[in-house]
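Computed from a predicted structure; not experimentally measured.
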Amino acid sequence: MAVKIKLKRLGKIRSPHYRIVVADSRTRRDGRAIEEIGKYHPTYNPSVMEVDAERVAYWLGVGAQPTEPVLAILKKTGDWQKFKGEPAPAPLLVAEPKKARPSFEALSGDDEGKGEAITQKKKAEKKDEAAAESESAEA
């Protein structure tokens with residue numbers, strides 16, 4: 001029986017999330033797995049890759065073969081280099097906290113006439129015209 005380390009797809013249509021699983025090579029992509037050993041969320045910025053290094057080392061040691069996408073993930077996390085005895089890769093990027101955007105009032109400065117509309121509303125114009133017509137009819 002050949003054992004593979006592969007990705008199991010979860011999530012909605014346009015927001016995929018993957019589990020890194022150990023499964024028989026004959027099972028379906030989202031079929032039954034022997035063990036879940038990690039997570040991969042490609043839609044996040046930067047993408048999230050969590051791998052249980054001990055379990056990966058065990059499964060690689062007993063002969064499990066990673067698929068190409070999983071091999072790329074293992075190379076980025078450094079688990080593949082550890083297994084092969086090669087030097088570790090550069091550390092992964094961590095998302096920077098987002099800066100607060102300044103408010104509109106802070107950008108505009110002190111302008112005269114704050115809070116007043118420049119143009120009048122059309123409903124008010126129609127009421128004024130109706131009032132003017134009624135006054136002219138009375139006179």
Side-chain angles (χ1 to χ4, degrees):
M1 172 170 100
V3 178
K4 292 227 176 216
I5 302 174
K6 56 186 180 178
L7 294 176
K8 177 180 181 179
R9 188 173 198 263
L10 303 168
K12 297 179 185 176
I13 292 175
R14 288 179 183 83
S15 63
H17 295 76
Y18 297 95
R19 303 287 168 148
I20 301 171
V21 298
V22 178
D24 183 9
S25 62
R26 297 171 288 184
T27 60
R28 296 174 298 190
R29 176 190 70 180
D30 301 335
R32 190 167 48 127
I34 298 169
E35 182 180 0
E36 289 184 1
I37 57 174
K39 297 177 186 177
Y40 174 52
H41 300 283
T43 55
Y44 294 172
N45 188 14
S47 54
V48 176
M49 290 180 250
E50 296 177 8
V51 179
D52 186 359
E54 293 177 7
R55 298 308 296 164
V56 169
Y58 167 77
W59 283 107
L60 290 173
V62 296
Q65 296 296 313
T67 59
E68 288 183 18
V70 173
L71 182 61
I73 293 169
L74 294 178
K75 284 183 179 178
K76 287 191 179 189
T77 60
D79 294 318
W80 183 254
Q81 287 86 342
K82 237 186 261 182
F83 174 68
K84 288 292 187 179
E86 298 172 358
L92 293 175
L93 295 175
V94 178
E96 296 178 9
K98 293 185 178 181
K99 297 177 183 176
R101 296 176 67 186
S103 64
F104 179 74
E105 288 81 19
L107 292 175
S108 64
D110 295 331
D111 292 337
E112 295 178 14
K114 265 189 181 174
E116 295 182 18
I118 296 173
T119 58
Q120 295 179 355
K121 296 181 180 177
K122 290 185 178 183
K123 291 181 181 177
E125 291 176 8
K126 290 179 182 178
K127 289 180 183 177
D128 293 338
E129 291 173 7
E133 289 176 10
S134 64
E135 288 176 9
S136 63
E138 292 176 2

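- Results of the side chain to side chain contact (heavy atoms under 4.5 Å, CB included) test with Val56 over Val22, Ile73, Leu74, Ile20 single out Leu74 as the only residue that passes.
- Criterion: ILVMFWY side-chain heavy atoms under 4.5 Å apart, direct or through other members. Under it, Tyr18 and Val21 are not part of a common hydrophobic cluster.
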query = Given Asp24 and Arg26, is the salt bridge (charged side-chain N to carboxylate O under 4.0 Å, His left out) satisfied, shown in steps?
reply = CA-CA 5 Å; Asp24 183 9; Arg26 297 171 288 184; 3.0 Å; yes

task = Please step through side-chain contact (heavy atoms from CB on, under 4.5 Å) for the pair Thr67 and Lys4, ending with a clear verdict.
result = CA-CA 7 Å; Thr67 59; Lys4 292 227 176 216; 4.2 Å; yes

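- Side-chain contact check for Arg29 versus Lys8: every heavy-atom pair is 4.5 Å or farther apart.
- Considering only residues two or more places apart in sequence or on other chains, Glu35 meets the salt bridge (charged side-chain N to carboxylate O under 4.0 Å, His left out) condition with Arg55.
- For Glu86, the side chain to side chain contact (heavy atoms under 4.5 Å, CB included) test picks out Gln81, Lys84, with sequence neighbours left out.
- Residue Arg9 holds its CZ atom at 8.0 Å from CG of Asp30, rounded to the nearest 0.5 Å.
- Hydrophobic cluster membership differs between Val51 and Leu10, with clusters built from Ile, Leu, Val, Met, Phe, Trp and Tyr side chains linked at under 4.5 angstrom.
- When the side chain to side chain donor-acceptor pair (under 3.5 Å) test is applied to Thr27, the partners found at least two apart in sequence or on another chain are Lys6.
- Scored by the ring-ring contact (aromatic ring centres under 6.0 Å, His included) test, Phe83 finds Trp80 as partners (sequence neighbours excluded).
- The aromatic rings of His17 and His41 sit perpendicular to each other, their planes meeting at more than 60°, with 30° as the lower class boundary.
- Under a 4.5 Å side-chain heavy-atom cut-off, the cluster of Ile, Leu, Val, Met, Phe, Trp and Tyr residues that includes Tyr44 is completed by Val48.
- Shortest non-hydrogen contact noted between Leu7 and Pro69 is CD1-CB, 3.8 Å.
- No side-chain donor-acceptor contact under 3.5 Å links Asp52 to the backbone of Ile37.
- Closest approach of Pro16 to Pro42, counting heavy atoms only: O-CD, 3.7 Å.
- Shown here are the ring-ring contact (aromatic ring centres under 6.0 Å, His included) partners of Trp59, two or more places apart in sequence or in another chain: there are none.
- One finds the CG atom of Leu71 at 12.0 Å from the NZ atom of Lys76 (value rounded to the nearest 0.5 Å).
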